[in-house]
Amino acid sequence: MSTQSTPDTDDAGTSDHPSRSDGFVRGVSGLIGGPLGDHAVALDRPAGRERRFWTAARIVLALACLTLALHWVQKSPCQDGAWQNNVQYTRFCYTDVLALYYAEGLNEGKVPYRDHPVEYPVLTGYFMGALGLPVHALGSDDPSINQGQWFYNLNALVLGALAVATVAVILALRRRRPWDAALFALAPALLLTATVNWDLLAVGLAAFGLLAWAKRRPVVAGVLLGLAGAAKLWPLFLLGPLLVLALRANRLRAALTATGAAVVAAIVVNLPAAVPYRENWDRFFELSDERDIDWGTLWYIGRYLDGKVGNAGQLGPFEWLNANTPTLNVLTYALFALACLGVAALALLAPRRPRLAQLAFLVVAAFLIFSKVWSQQFVLWLLPLAVLARPRWGAFLAWQVAEVCYFAAFYGELLGVATGRPVFPEGVFVLAATLRLVTVAVLCGLVVRDVLRPRRDPVRATYPDDPDGGVLDGAPDAPWLDRWRRGPALPAEPLTAAG
């Protein structure tokens with residue numbers, strides 16, 4: 001009997017209620033009277049059939065809008081661009097969006113790549129120009145307006161819309177589990193970093209790409225992932241899990257179609273800048289190669305430890321890597337490649353085919369763990385993948401607390417550098433970076449455990465197989481896999497999550 005899920009069967013299912021299914025939420029619910037009761041009939045109707053205005057989906061979307069509004073308020077001290085007395089650090093409101101309006105020459109009407117090298121992939125550069133050049137033109141006609149403030153607010157509006165759209169995508173992918181999207185909508189990291197840079201552009205496009213794949217539209221999925229990869233490179237990493245899972249399910253044609261569409265889309269978007277303005281276009285790749293160890297990374301923590309345990313006058317291993325960037329680059333790429341091979345082995349050897357979101361989260365998390373750059377806003381890359389991979393509140397909130405601690409420590413570090421007076425000992429910042437690293441690694445471990453023990457997977461307690469899988473959803477394993485996979489595949493009936 002087929003286990004493929006369709007929109008109709010999704011609508012017919014009963015919504016998950018975290019106060020019943022999530023141990024952490026069930027415990028916290030005791031503060032307001034305990035888990036949802038058996039007589040809460042209105043809330044227990046099949047998903048998509050609620051008759052109330054404030055459905056779970058609408059509540060979650062409203063919460064996302066509230067979080068983004070609070071983010072705008074939090075960034076408001078910096079919006080006029082008059083950053084006196086290090087207000088951008090003391091108020092935690094620094095944003096690249098405003099700073100780079102001037103640094104990239106947009107305030108002078110410079111066209112990205114044509115007139116000025118841009119340190120980001122092309123779609124981000126195009127996005128900056130598409131919003132920045134009209135603001136410059138408006139400011140040229142009316143000198144009384146604050147161009148930087150207008151540019152920031154216009155970006156905040158568009159990026160905020162992309163964040164809300166990402167929540168809507170999560171809701172569409174989890175129609176039986178609408179409260180999962182609240183993890184993204186209420187994430188402290190979203191509140192603090194939404195417009196620090198343009199990462200939500202790639203996040204939104206990648207989310208729509210995953211939705212298109214789930215709807216069994218591989219060409220559209222590939223184009224969207226290719227566009228997302230032209231904004232930030234990480235969405236292209238999602239093609240790896242897609243191919244490995246398709247190999248296991250004998251659905252390679254769809255995965256190769258999506259991959260081909262992604263490559264073509266990325267090339268087409270890059271060509272207008274790469275061909276006529278090659279040197280300016282190449283700036284992103286040059287910076288990626290030249291950058292040494294950045295704040296908050298695994299390698300930065302190692303440099304700190306070098307200073308604590310090394311011998312005077314001798315370079316420790318991490319300090320040596322910082323002085324030998326080409327070797328550092330090779331090492332980071334090699335470790336990421338090994339991690340990807342491990343994820344591929346997990347996908348092929350697991351007793352039940354993993355879900356796409358689980359492997360996608362592991363791959364992107366591995367990239368960040370081993371990368372020499374881990375900027376504060378990169379947390380946005382992981383947010384939707386974490387929600388789709390493991391919608392459990394306890395470990396998710398622990399990770400978010402670590403991200404908030406790192407955010408505060410990072411600005412303390414920035415203020416110390418700006419004033420020449422350390423705000424706190426370096427060890428405090430290193431501790432915050434370590435907590436962030438450890439909590440992400442723990443989330444990875446929990447996802448791996450869910451893959452190896454699929455009965456613990458909360459999503460499979462609600463769906464028969466993989467609601468994000470598209471053509472993979474409900475597909476049997478390829479016959480060749482039985483010759484070397486460890487043990488038989490588990491049955492594809494709905495599974496019960498543990499606690």
Where does the angle between the aromatic ring planes of [X] and [Y] fall among parallel (under 30°), tilted (30 to 60°) and perpendicular (over 60°)?
| X | Y | result |
| --- | --- | --- |
| W281 | F285 | tilted |
| F407 | Y411 | tilted |
| F336 | F237 | tilted |

Is [X] atom [atom1] crowded by more than 12 heavy atoms from other residues, nucleotides or ligands, each under 6.0 Å away?
| X | atom1 | value |
| --- | --- | --- |
| D289 | CG | yes |
| E290 | CD | yes |
| W381 | CH2 | yes |
| Y152 | OH | yes |

Atom [atom1] in [X], atom [atom2] in [Y]: separation rounded to 0.5 Å?
| X | Y | atom1 | atom2 | answer |
| --- | --- | --- | --- | --- |
| L315 | L321 | CG | CG | 10.5 Å |
| L305 | E319 | CG | CD | 12.0 Å |
| L183 | I170 | CG | CD1 | 8.5 Å |
| L66 | L61 | CG | CG | 12.5 Å |
| L225 | W234 | CG | CH2 | 9.0 Å |
| L446 | W399 | CG | CH2 | 12.5 Å |

Has [X] got a side-chain atom pairing as donor or acceptor with [Y]'s backbone, closer than 3.5 angstrom?
| X | Y | result |
| --- | --- | --- |
| N86 | L415 | no |
| N197 | D96 | no |
| H71 | T195 | yes |
| Q400 | A189 | yes |
| N146 | D80 | yes |
| T193 | L190 | no |
| R455 | A461 | no |
| T67 | A185 | yes |
| D466 | L472 | no |
| T124 | A231 | yes |

(request) Report the C-alpha separation of L106 and L100 in whole Å, then their side-chain angles, then the decisive distance to 0.1 Å, and conclude whether the side-chain contact (heavy atoms from CB on, under 4.5 Å) test is met. (result) CA-CA 8 Å; L106 294 169; L100 294 182; over 6 Å; no
(request) Report the C-alpha separation of F429 and Y406 in whole Å, then their side-chain angles, then the decisive distance to 0.1 Å, and conclude whether the ring-ring contact (aromatic ring centres under 6.0 Å, His included) test is met. (result) CA-CA 7 Å; F429 175 69; Y406 179 78; 5.4 Å; yes
(message) Working note: K372 + D292, criterion salt bridge (Lys or Arg N to Asp or Glu O under 4.0 Å); need CA distance, chi angles, decisive distance, verdict.
(response) CA-CA 7 Å; K372 63 179 182 178; D292 53 12; over 6 Å; no
(message) Suppose we call two aromatic rings close when their centres sit under 6.0 Å apart. Are F410 and Y94 close by that rule?
(response)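 Ring-ring flag for F410/Y94: false, centres at least 6.0 Å apart.
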(request) Measure centre to centre between the rings of F318 and Y300, then say whether the value is under 6.0 Å. (result)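 When the ring centroids of F318 and Y300 are compared, they turn out to be at least 6.0 Å apart.
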(request) Mind running side-chain contact (heavy atoms from CB on, under 4.5 Å) on L443 and F361 for me, showing each step along the way? (result) CA-CA 9 Å; L443 276 176; F361 173 81; 3.9 Å; yes
(request) State, with a plain yes or no, whether a side-chain heavy atom of C78 is found less than 4.5 Å away from one of W83. (result)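 Counting from C-beta outward, C78 and W83 do come under 4.5 Å.
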(request) May I ask you to test the S371-T332 pair for a side-chain heavy-atom distance under 4.5 Å? (result) no
Measure across [X] and [Y] and return the closest heavy-atom pair with its distance rounded to 0.1 Å.
| X | Y | result |
| --- | --- | --- |
| D294 | S375 | OD2-OG, 4.5 Å |
| L227 | A265 | N-CB, 4.5 Å |
| R91 | Q74 | O-NE2, 3.3 Å |
| L242 | A258 | CD2-CB, 4.1 Å |
| L385 | A360 | CD1-O, 3.9 Å |
| H136 | Q147 | CA-OE1, 3.4 Å |

(request) Please determine if D468 and R174 form a salt bridge, counting it only when a charged side-chain N lies under 4.0 Å from a carboxylate O. (result)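 Salt bridge: yes.
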(message) Check this for me, if you would: do R390 and D450 make a salt bridge, where the nitrogen-to-carboxylate-oxygen distance has to be below 4.0 angstrom?
(response) yes
(request) Using the six-membered ring of W320, assess whether NZ or CZ of R303 lies under 6.0 Å from its centre and within 45 degrees of the ring axis. (result)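 Geometry flag: not set, cation outside 6.0 Å or 45°.
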(message) Is the positively charged end of R176 above the ring of Y463, judged by distance under 6.0 angstrom from the centroid and angle within 45° of the axis?
(response) yes
(request) Test side-chain contact (heavy atoms from CB on, under 4.5 Å) on F127 and N155 and set out the steps. (result) CA-CA 9 Å; F127 186 81; N155 275 271; 3.3 Å; yes
(request) Give the intermediate values and the outcome of side-chain contact (heavy atoms from CB on, under 4.5 Å) for residues L414 and W295. (result) CA-CA 10 Å; L414 287 172; W295 287 358; 3.5 Å; yes
